[in-house]
**Q** 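There's a structure below that I have some questions on.
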Amino acid sequence: METERITPGTVLGWKGRRRFGALTAYDFPMARLLDEAGVPVLLVGDSLGMVVLGHPDTTHVTMDDMLHHVRAVARARPKALVGGDLPFRSYDTPELAVANARALVVAGADFVKAEGGREILPQLRAIRDAGIELCGHLGMLPQHVLEEGGKYRIKGRDEAGRQRLLDDARALEDLGAFACVLELVAPPVAAEITRACRRMATIGIGSGSDCDGQILVTHDLVGAFPWFTPKFIVPRVRTGADIRTAAAGWLAEVG
Ligand code: KIV
């Protein structure tokens, strides 16, 4: 386990040498528990819109939501690297992207993550030019799920899709993104991007086992959002069921 605070450089230094895991955290106790478990990267993902705030998808998450949760995670003072998602519409222009990325950093994020490739390059470049650490996000982009008819589909299955992903990944690497989430990317394409981009760590979710790192939504890992579990996840524990059992047992005693 690392003894120093993890930096983007630490994560990049692992490329090709050791695989790593990353998990989402949205509040103080979870950040502290995951940090104590040695998880090196904690992402305050906009998935909080679904698993914490009860929205149907991530498009409802606001900057205020993100700042509130990034502050809570930062209060745990984790050794882990802390990332904050730029939520839907918060990076429509380079100016907006920089202002909101700065606000996430002030709230306690070590890096920010934005969904998309070359179509948002001016915004991503502005973030990097402002000296802010950046993680990309390619493949299935949850903030665009409504445009996709509400379906979370695997990307990169055909040649055009594969080439688009590879070109987007190279563009992010050239900008200086230290890492890039690959979500629901066809595993051979995720593996190819991981090999091709030597200066950027890939972090897969539902994209096979050949990425540099893997990330999961913690609620999925621990069964804390039992009403929906992605196909590629087997919860390690079932805290949702445990909570129901504990509450019902206590009620039976006091009621
Ligand atoms: O919002 C989120 O939690 C994410 C991860 C699943 C990568 O983007």
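None of these values were measured; they are calculated from a predicted model. Atoms within each ligand, like the ligands themselves, are counted from 1 in listed order.
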**Q** Rounded to the nearest 0.5 Å, how far does CD1 of Ile154 lie from CZ of Phe232?
**A**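 Reported to 0.5 Å precision, the distance equals 9.5 Å.
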**Q** At less than 4.0 angstrom from any atom of ligand 1, which residues have a non-hydrogen atom? List them by chain and residue number.
**A**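 Thr24, Leu43, Gly45, Asp46, Ser47, Asp85, Lys113, His137, Val181, Ile205, Ile215, Val217.
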**Q** Under a 4.0 Å N-O cut-off, is there an ion pair linking Arg77 with Asp35?
**A**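 Salt bridge flag = no for Asp35 with Arg77.
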**Q** Under 4.0 Å between a side-chain nitrogen and a carboxylate oxygen: does that hold for Lys155 and Glu148?
**A**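 Yes.
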**Q** Ring centres of His219 and Tyr26 under 6.0 Å apart?
**A**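 Close enough - the centres of the two rings lie under 6.0 Å apart.
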**Q** Give a yes or no on whether the backbone of Asp46 and the side-chain of Thr58 come within a donor-acceptor separation of less than 3.5 Å.
**A**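 Absent.
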**Q** At what distance, to the nearest 0.5 angstrom, does CG of Leu221 lie from OG1 of Thr24?
**A**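 Those atoms lie 9.0 Å apart.
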